[in-house]
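This report refers to the structure that appears directly beneath it.
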Amino acid sequence: MAELKNDLLLRALLREKVERTPLWIMRQAGRYLPEYREVRAQAGDFMSLCRNAELACEVTMQPLRRYKLDAAILFSDILTVPDAMGLGLYFAAGEGPKFERPLRTAADIKKLVLPDVADELGYVFNAVRTIRRELDGQVPLIGFAGSPWTVGTYMVEGGSSREFSHIKGLAAEDPAALSTLLDTVATTTTDYLNAQIAAGAQAVMIFDTWGAALERDDYRRFSLASMQKIVDGLTRENEGRRVPVTLFTKGAGPMLADMVGTGCDALGVDWTTTLSQAREYVQDKVALQGNLDPATLRESHEAIRQGVADTLESYGTGPGHVFNLGHGITPDIDPDNLGVLVDAVHELSPQYHS
Ligand code: CP3
């Protein structure tokens, strides 16, 4: 395997000294890039793109050709896991993800079987190997999965949701059934992430997009506990290096303090918490990743530079910051505006590392 030429991300995630703040962008491969839309059209639909290792590799590489980014992220989706469990994932035009067979009752949950990850998700590990070969050590590759709670919301609601009425109903009426579901997803996700690491993922991230829809006690009981199970079972070293683990609960706020105890290396932060406040919550025990509001990328070049400056200043000096947005980049963004952001991080961040 080619030697890693740029390991800023891996060092920053472990709070080691760096010369400047590394950066990558959530959803950096995506619809805001015309070259992505072209390959996506060629593939036919989103899942066909995910299942084709060559095309998944191509769209993973696209943002790295345009911008000086410090990481690649595997092109895939968090919902490949429930798809592998037999729920039948599909993307209805303009409606986001949906399942043919959502889980509505305790009986549906009992019938769930642990999938053979190597069989059902082999296409993901092929993509990881293909991307690593193509990267040739340029930057590290991030693997990822969804948190059991977040993935569970889609499994029980049958698709995207605002109110989470079915899964919250299940939490109230049959919490044991919900725990069974979350355990099953956690076990599968642990195997899934370990297989990504074995295939070449050099850092992993768990996306908990909907954890903050829960009140704090329920967050701890359902979302955080199931992420803890995954962290406990992860391979933490591979190819002679530590494999850093990042947890990202969008909107976590003060719950960031609870998340440190999982033994993760880093936490993602969205824009509703300042990085200086987040740093207080975590007492510098873990690295922080974030947190510019993606909406800033719709503003002027000057406003984008100012947003970058404010984000760096809010974290302040010292190691342990990975620059990112506070959530994924949206499809309406002008790709040139992301270039302004990337250049500003390169230019303005060295002064925070002496
Ligand atoms: O960051 C990256 O570049 C890696 C790829 C990635 C995708 N999805 C590709 C994708 C990652 C890390 C995800 C994670 C994901 N998927 C999350 C958690 C992170 C978050 O954004 O909160 C969630 C909740 C999902 C579920 C999901 N997948 C939704 C809700 C959608 C539809 C979104 C929409 O705007 O239509 C997807 C589809 C999806 N996953 C797309 C991409 C690039 C768009 C599909 C397309 O090309 O039509």
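Note that the structure is predicted; figures quoted are calculated from it, not measured. Every number for a ligand or one of its atoms is a count from 1 in the order of the listing. Along the sequence shown, residues are numbered consecutively beginning with 1.
For D7 and R11, the salt-bridge test passes: some basic side-chain N is under 4.0 Å from an acidic carboxylate O. Salt bridge present: D332 and R298 bring a charged side-chain N and a carboxylate O closer than 4.0 Å. At a threshold of 4.0 Å, the pair R65-E35 does not count as salt-bridged, since none of the basic side-chain nitrogens sits closer than that to a carboxylate oxygen. Remark: E239 engages R132 in a salt bridge, criterion side-chain N to carboxylate O under 4.0 Å. Salt bridge status for K168 with E163: absent, with no side-chain N to carboxylate O gap under 4.0 Å.
Within the listing of ligand 1, atoms 20 (C), 21 (O), 22 (O) sit less than 4.0 angstrom from a heavy atom of H327.
Annotation: cation-pi geometry satisfied between R279 and Y315 (NZ/CZ under 6.0 angstrom from ring centroid, within 45° of ring axis).
Taking only non-hydrogen atoms, the option from W24, Y36, F248 nearest to atom 47 (O) of ligand 1 is Y36. Considering each of A43, P97, C50, the one bringing a non-hydrogen atom nearest atom 31 (C) of ligand 1 is P97.
With a heavy-atom cut-off of 4.0 Å, R40 touches ligand 1 through its side chain alone. At a heavy-atom cutoff of 4.0 Å, ligand 1 is contacted by the backbone of S76 but not by its side chain. Residue-level proximity to ligand 1 for L49 is absent, since no heavy atom of it falls below 4.0 angstrom.
Contact annotation: G146 has no heavy atom less than 4.0 Å from any atom of ligand 1. For the ligand labelled ligand 1, residue T60 lies outside the 4.0 Å heavy-atom shell.
Ranking protein heavy atoms by distance to atom 38 (C) of ligand 1, first place goes to F91 CE2, 3.4 Å. When only non-hydrogen protein atoms are considered, atom 23 (C) of ligand 1 lies nearest to I78 CD1, 3.4 Å. Here the heavy atom of the protein found nearest to atom 34 (C) of ligand 1 is R31 NH2, 3.0 Å. Ranking the protein heavy atoms by distance from atom 15 (C) of ligand 1 puts R27 NH2, 3.4 Å first. Of all protein heavy atoms, the one lying nearest to atom 18 (C) of ligand 1 is T209 OG1, 3.2 Å. Looking only at heavy atoms of the protein, atom 27 (C) of ligand 1 is closest to D77 OD1, 3.6 Å. When hydrogens are left out, the protein atom nearest atom 11 (C) of ligand 1 is F144 CZ, 3.6 Å; that is the closest non-hydrogen contact. Looking from atom 41 (C) of ligand 1 to the surrounding protein, the closest heavy atom is F46 CE1, 3.6 Å.
Aromatic pair F248/F144: centroids not less than 6.0 angstrom apart. For F46 and F75, the ring centers sit closer than 6.0 Å to each other.
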Report, one line per pair, each donor and acceptor closer than 3.5 Å where one atom sits in a side chain of residues 252-270; sequence neighbours left out.
| from | atom 1 | to | atom 2 | distance (Å) |
| --- | --- | --- | --- | --- |
| D258 | OD1 | R216 | NH2 | 3.1 |
| D258 | OD1 | R220 | NH2 | 3.2 |
| D258 | OD2 | R216 | NE | 2.9 |
| D258 | OD2 | R216 | NH2 | 3.3 |
| D258 | OD2 | R220 | NE | 3.3 |
| D258 | OD2 | R220 | NH2 | 3.4 |
| T262 | OG1 | M259 | O | 2.7 |
| T262 | OG1 | C264 | N | 3.3 |
| D265 | OD1 | R242 | NE | 3.1 |
| D265 | OD1 | R242 | NH2 | 3.0 |
| D265 | OD2 | R236 | NH2 | 3.0 |
| D265 | OD2 | V245 | N | 2.9 |
| D270 | OD1 | G251 | N | 2.9 |
| D270 | OD1 | T272 | OG1 | 3.3 |
| D270 | OD2 | T272 | N | 3.2 |
| D270 | OD2 | T272 | OG1 | 2.9 |

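Backbone and side-chain nitrogen or oxygen atoms of S160 are examined, and none is located within less than 3.5 angstrom of a nitrogen or oxygen of ligand 1. Not one N or O of T150 is nearer than 3.5 Å to an N or O of ligand 1, by distance alone. Between W210 and ligand 1, a contact under 3.5 Å exists for no N or O pair.
For residues 73-90, the pairs satisfying salt bridge (Lys or Arg N to Asp or Glu O under 4.0 Å) are R51-D83, with sequence neighbours left out.
Note on V340: it clusters hydrophobically with I25, by side-chain heavy-atom contacts below 4.5 Å among ILVMFWY residues.
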